[in-house]
Number of protein chains: 2
Amino acid sequence: MSLTYIQSFVAVAEEGHVGRAARKLHLTQPPLSRHILALEDELGTRLFERTPRGMKLLPAGEVFLSHARRILAEVDIAIERTKGPGTGGR
Amino acid sequence: MSLTYIQSFVAVAEEGHVGRAARKLHLTQPPLSRHILALEDELGTRLFERTPRGMKLLPAGEVFLSHARRILAEVDIAIERTKGPGTGGR
DNA sequence: GCGATCCAATGCTGTCTCGGTATCGGGTTC
DNA sequence: GAACCCGATACCGAGACAGCATTGGATCGC
């Protein structure tokens with residue numbers, strides 16, 4: 001599990017498209033595709049249904065998505081709170 | 001930022017000792033020391049005070065610690081919830 | 001039906017990250 | 001002041017990872 005992979009997952013879930021998400025993340029399609037496969041492998045579950053039009057979130061994917069967003073948000077908060085107030089940031 | 005580094009940080013904070021935390025994580029002392037330095041660099045703040053006895057958490061470190069624990073807990077929950085119920089895990 | 005098109009997945013390669021070993025430098029203890 | 005304990009750094013080799021090129025499957029247009 002890695003924060004990078006979680007970010008990739010969220011981007012693909014939001015775009016419904018590996019290629020499009022890749023551009024958004026300044027990556028190319030193959031590594032992003034592998035991120036999703038790695039996550040699915042680690043979780044032991046398919047997160048997306050592969051359709052000719054792109055990637056469609058499966059129920060397990062929706063569950064993971066909500067947690068993924070929370071995790072990323074927590075990380076942002078942690079960074080902000082730590083570097084910000086107590087340290088003479090602003 | 002990486003989950004591995006966050007785990008390292010929590011271990012060092014709990015042990016008050018890089019070497020001891022390293023053993024706990026099945027790592028050696030140098031990489032663990034680098035994890036902490038990398039985090040401090042990324043956050044732009046010292047998280048620990050280096051003493052002759054080990055590592056003492058600074059205020060910024062305590063702030064980050066509480067968030068770090070929450071992040072790791074969220075990840076665990078995400079994994080459990082995703083692989084577990086909705087998917088026929090059991 | 002067949003070529004064109006769009007999608008994700010895979011094979012391969014170069015690079016960069018990361019962990020381990022060895023060593024250093026500072027500070028304390030006796 | 002020599003031994004000891006601590007984290008930090010230099011260096012090196014292995015593994016991870018991104019990118020390029022290509023494949024394979026499904027749909028669309030003619």
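Every value quoted in this text rests on a predicted model; they were computed, and no experiment measured them. Chain naming here is simple, since letters A, B, ... match the order of the sequence lines and numbering starts at 1 in each.
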Report the distance from atom [atom1] of [X] to atom [atom2] of [N], rounded to the nearest whole Å.
{"X": "A/Leu25", "N": "D/dC17", "atom1": "CG", "atom2": "P", "value": "16 Å"}
{"X": "A/Arg50", "N": "D/dT27", "atom1": "CZ", "atom2": "P", "value": "16 Å"}
{"X": "B/Arg46", "N": "D/dG7", "atom1": "CZ", "atom2": "P", "value": "14 Å"}
{"X": "B/Leu37", "N": "D/dC6", "atom1": "CG", "atom2": "P", "value": "18 Å"}
{"X": "B/Met55", "N": "C/dG27", "atom1": "CE", "atom2": "P", "value": "16 Å"}
{"X": "B/Phe48", "N": "D/dG7", "atom1": "CZ", "atom2": "P", "value": "10 Å"}
{"X": "B/Asp41", "N": "D/dT9", "atom1": "CG", "atom2": "P", "value": "11 Å"}
{"X": "A/Arg34", "N": "D/dA16", "atom1": "CZ", "atom2": "C1'", "value": "11 Å"}

Is the B/Phe64 ring parallel, tilted or perpendicular to the B/Phe9 ring (thresholds 30°, 60°)? perpendicular

B/His35 side chain N/O closer than 4.0 Å to the phosphate oxygens (OP1, OP2) of C/dC18? no

According to a strict under-4.0 Å criterion, is A/Ser33 in side-chain N/O contact with OP1 or OP2 of C/dA8? no

State, with a plain yes or no, whether a side-chain heavy atom of A/Met1 is found less than 4.5 Å away from one of A/Leu39. yes

Answer whether the closest heavy-atom distance between the side chains of A/Ile36 and A/Ser33 falls below 4.5 Å. no

[X] has a side chain; which of [options] sits nearest to it?
{"X": "A/Pro30", "options": "D/dA8, D/dA18, C/dA9", "answer": "C/dA9"}
{"X": "A/His17", "options": "D/dG19, C/dC7, C/dG20", "answer": "C/dC7"}
{"X": "B/Arg53", "options": "D/dA21, C/dG19, C/dT28", "answer": "C/dT28"}

Has A/Thr4 got a side-chain atom pairing as donor or acceptor with A/Ser2's backbone, closer than 3.5 angstrom? no

Surrounding CZ of B/Arg70 (heavy atoms of other residues, nucleotides or ligands, distance under 6.0 Å), is the total greater than 12? no

5' precedence on DNA chain C between B/His26 and A/Thr51 (nearest-nucleotide basis): A/Thr51

How would you label the contact of A/Leu27 with the nucleic acid (heavy atoms, under 4.0 Å): base, sugar-phosphate, or nothing? sugar-phosphate

First of A/Ser2 and B/Pro31 reached from the 5' end of DNA chain D, by closest nucleotide: B/Pro31

